[in-house]
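Quick note: residue numbers are just sequence positions, from 1. Indexing begins at 1, ligand by ligand and atom by atom, following the structure's order.
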Amino acid sequence: MIKQNLLKKLELIVGRENVLSSPEDLVCYSYDAAPLSAGNLPDVVVLPGSTEEVVNLLHFAKAEGIKVVPRGAGTNLSGGTIPIEGGIIIQLTRMNRILEVNSHDLIATVEPGVITSTIHSAVEQVGLFYPPDPASANVSTIGGNVAECAGGLRGLRYGVTKDYVIGLETVLASGEVLVTGGRTVKNVVGYDLTKLMIGSEGTLGIFTKIILKLIPLPETKRTLLVTYPNFQDAASSVSDIIANRILPTTLEFLDKVTINCVEAHTHIGLPRDAEAILLIEVDGSNWDVEREAEKVAGICSRYHPLEVKQALTPAEGMSLTSARRSALASLARVQPTTILEDVTVPPSRLTEMISEINRIVKRHDIQVGVFGHAGDGNLHPTFLTDERDEEEMKRVEAAIEEMFEVTLKLGGTISGEHGIGLTKVRFLPWEVKPSGLKAMKIIKEGFDPENILNPGKIFTRYSP
Ligand SMILES: Cc1cc2nc3c(=O)[nH]c(=O)nc-3n(C[C@H](O)[C@H](O)[C@H](O)COP(=O)(O)OP(=O)(O)OC[C@H]3O[C@@H](n4cnc5c(N)ncnc54)[C@H](O)[C@@H]3O)c2cc1C
């Protein structure tokens, strides 16, 4: 519990109405979208409205020795906003202005609390495009996207958040304001501190302004749905599309369990008897899209699909993409506990990876739905379980460990886009060698010597 006199000081910084400290509020901010039990309450939640207020909050936290957890929409899947040492949650959703969309410099300058899809709509209105598109785009904030280096549905063709952030204003643990990068795509003046900040999961600083690179909005797009009687043919189609030097905007895989859960939830007519589907979107000029859609359909047809269907209208295409976005929500209806994983392998190893996941899951007798950004080799095996069943949870944990081992053996990574947070702290040394861990800790120590910012995330209880 934060003392009354400290609460008063916080109210002076952000205004009384922007300080939350009732038990109900604190419980709401004690968890995020990761399947970790609540129980770590923050002492207080504050909602600053400007960079200056964030600066004052960090001066206050440093002076009082109180921990700080930055938070956007709380949709991260790795426990990144859980206040395990209590302290202040700095909720950035009031800082939600789009400050500029500039068609001449091809940039947008935004505050961290803008919802990702609001940026999409704002720039598309003037014929520009901000490609990163996490499935959570309708709720997640751009600040959270930058802190996690969010990926999403358009990674294969366009890359991920780090490929579009060219400048940042960041408030450091000391309260200093660090300005990195700027309004130009080219900038090689010293170390690339902007890139260092991207994916830092709230442990190095709090973003208060973000400059995004934009590109021209593609003229049109086309959505295809391909249905397969087995997952191997679906995965082989993915490799073959890429090997044919076609990079669809979206190349998503859904297995039978996921298809059935999504269909039960959305009723959009997905084929419930299929073993796998690919949802594919191509974009570009009218001419390119026509040609690419045909080529993609031709390649998929070589792998014995049950059906290759092209969406007839943009609305139909949009409804298929929305169904894909609802995969996690649909799977989460099955069991009380949903553990969504985030393994990524080189696309050429996709078939092996899915086979291995199926083998592991069968051996441990657990229920899993597999879906993901197949074009990026990024799969989200989603474990459907019940955390009250201790015996089953042990099997789930063993299966997840085996899956990480296989991922690394196949040349992959244990997190493609959701970060380490709290949930993968134990596994970080599996992938990052001691010299890498040492370098990361030196960076953390340099930026935040008193370990004020988001403690316990990424590293095992880092202590100065
Ligand atoms: C249904 C669903 C679908 C999803 N799909 C995808 C997907 O396709 N691709 C993908 O990559 N992720 C996906 N995610 C995960 C999640 O949406 C992303 O990680 C997203 O970037 C988190 O944004 P947020 O605003 O919710 O951040 P939060 O969850 O609030 O915070 C995430 C991290 O960022 C830090 N942070 C937040 N704001 C700031 C700031 N201003 N400055 C510094 N640090 C900050 C926090 O401390 C925390 O470590 C999905 C989640 C859900 C629930």
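Side-chain atoms of Val45 and Ser21, non-hydrogen and from C-beta on, never get closer than 4.5 Å to each other. Within the 4.5 Å cutoff, side-chain heavy atoms of Ile142 are placed close to those of Asn145. Here the side chains of Leu204 and Ile443 are in contact, with some heavy-atom distance below 4.5 Å.
In terms of protein heavy-atom proximity, atom 13 (C) of ligand 1 is nearest to His418 NE2, 3.7 Å. In this structure, atom 25 (O) of ligand 1 lies nearest to the protein heavy atom Thr141 OG1, 2.6 Å. Regarding atom 20 (C) of ligand 1, its nearest protein heavy-atom neighbour is Asn145 ND2, 3.5 Å. Among all protein heavy atoms, the one lying closest to atom 1 (C) of ligand 1 is Leu328 CD2, 3.7 Å. Among protein heavy atoms, the minimum distance from atom 11 (O) of ligand 1 is reached at Gly151 N, 2.8 Å. Residue, atom and distance of the protein heavy atom nearest to atom 27 (O) of ligand 1 are Gly144 CA, 3.4 Å. Remark: minimum distance from atom 28 (P) of ligand 1 to any protein heavy atom is reached at Gly74 N, 3.5 Å. The single protein non-hydrogen atom nearest to atom 33 (C) of ligand 1 is Glu148 OE2, 3.2 Å, given as residue, atom name and distance.
Side chains of Glu111 and Thr208: a donor-acceptor N/O pair is absent below 3.5 angstrom, by distance only. In this model, a donor atom of one side chain and an acceptor atom of the other lie less than 3.5 Å apart for Ser22 and Asp25. With 3.5 Å as the limit, one finds a donor-acceptor pair spanning the side chains of His373 and Glu252. Side chains of Ser237 and Tyr228: a donor on one and an acceptor on the other come within 3.5 Å. Using modelled atom types and a 3.5 Å distance limit, the side chains of Glu316 and Thr223 yield no donor-acceptor pair. Side chains of Glu417 and His380: a donor-acceptor N/O pair is present below 3.5 angstrom, by distance only.
Considering only non-hydrogen atoms, atom 53 (C) of ligand 1 lies nearest to Thr75 out of Leu340, Val54, Val68, Thr75. The residue among Pro70, Ala33, Gly202 with a heavy atom at the shortest distance from atom 46 (C) of ligand 1 is Pro70. Between atom 2 (C) of ligand 1 and the options Ser140, Ala137, Ser136, the minimum heavy-atom separation is to Ser136.
Counting the atoms of ligand 1 from 1 in the order shown, those under 4.0 Å from a heavy atom of Asn454 are 47 (O), 49 (O). Contact atoms of ligand 1 toward Ala150: 11 (O), 21 (O) (distance under 4.0 Å to a heavy atom of the residue). Interface atoms of ligand 1 facing Leu77, defined by a heavy-atom separation under 4.0 Å, are 14 (N), 15 (C), 50 (C), 51 (C). Listed by number with element, the atoms of ligand 1 under 4.0 Å from a non-hydrogen atom of His373 are 8 (O). Residue Gly72 has at least one heavy-atom neighbour below 4.0 Å for each of these atoms of ligand 1: 25 (O), 28 (P), 30 (O), 37 (C), 38 (N). Numbered from 1 in the order shown, with element, the atoms of ligand 1 that lie under 4.0 Å from a heavy atom of Gly80 read 47 (O), 48 (C), 49 (O). Taking a cut-off of under 4.0 Å to the non-hydrogen atoms of Gly152, the atoms of ligand 1 that pass are 8 (O), 9 (N).
To the nearest 0.5 Å, atoms OG1 (Thr109) and CG (Asn102) are separated by 8.0 Å. In this structure, CG in Leu20 is found 5.5 Å from CG in Leu47, a value given to the nearest 0.5 Å. Note that the CZ atom of Phe60 and the NZ atom of Lys9 stand 6.5 Å from one another [nearest 0.5 Å].
By the 3.5 Å distance cut-off applied to N or O atoms, Cys149 is not counted among the residues near ligand 1. In terms of polar-atom proximity, Phe207 is counted as a contact of ligand 1, with an N or O under 3.5 Å from an N or O of the ligand. Between Ala135 and ligand 1, an N or O atom pair is found at a separation short of 3.5 Å. Residue-to-ligand polar distances keep Ala147 apart from ligand 1: every N/O pair is separated by 3.5 Å or more. For a threshold of 3.5 Å applied to N or O pairs, the pair formed by Thr81 and ligand 1 contains no separation below that value. In terms of N/O distances under 3.5 Å, ligand 1 is approached by Glu201. Distances between N or O atoms of Arg71 and those of ligand 1 include no value under 3.5 Å. Looking at ligand 1, you won't find any N or O of Leu153 less than 3.5 Å from one of its N or O atoms. Some N or O of Glu417 is nearer than 3.5 Å to an N or O of ligand 1, by distance alone. Considering backbone and side-chain atoms together, Asn76 places an N or O closer than 3.5 Å to an N or O of ligand 1.
Within the 4.0 Å heavy-atom criterion, the part of Pro112 lying near ligand 1 is the side chain and not the backbone. When non-hydrogen atoms are compared, ligand 1 lies under 4.0 Å from neither the backbone nor the side chain of Lys457. In Arg325, neither the side chain nor the backbone holds a heavy atom less than 4.0 Å from any atom of ligand 1. Under 4.0 Å from ligand 1, not a single heavy atom of Asp32 appears.
Heavy-atom separations between Ile206 and ligand 1 include at least one value shorter than 4.0 Å. Within the structure, ligand 1 has Gly205 among the residues with a heavy atom less than 4.0 angstrom away.
Between Tyr164 and Tyr158, the distance from one ring center to the other does not fall under 6.0 angstrom.
At a threshold of 4.0 Å, the pair Glu201-Lys457 does not count as salt-bridged, since none of the basic side-chain nitrogens sits closer than that to a carboxylate oxygen. Under the 4.0 Å criterion applied to side-chain N and carboxylate O atoms, Asp283 and Arg154 are not assigned as salt-bridge partners. Salt bridge absent: Lys67 and Glu450 never bring a charged side-chain N and a carboxylate O closer than 4.0 Å.
Partner of Leu128 under the side chain to side chain contact (heavy atoms under 4.5 Å, CB included) criterion, out of Ile107, Ile215, Val123, Leu212: Val123 alone.
The backbone N or O of His418 lies less than 3.5 Å from a partner atom in the side chain of Ser78, making a donor-acceptor pair. Arg157 places a side-chain N or O within donor-acceptor distance of the main-chain N or O of Leu247, the cut-off being under 3.5 Å.
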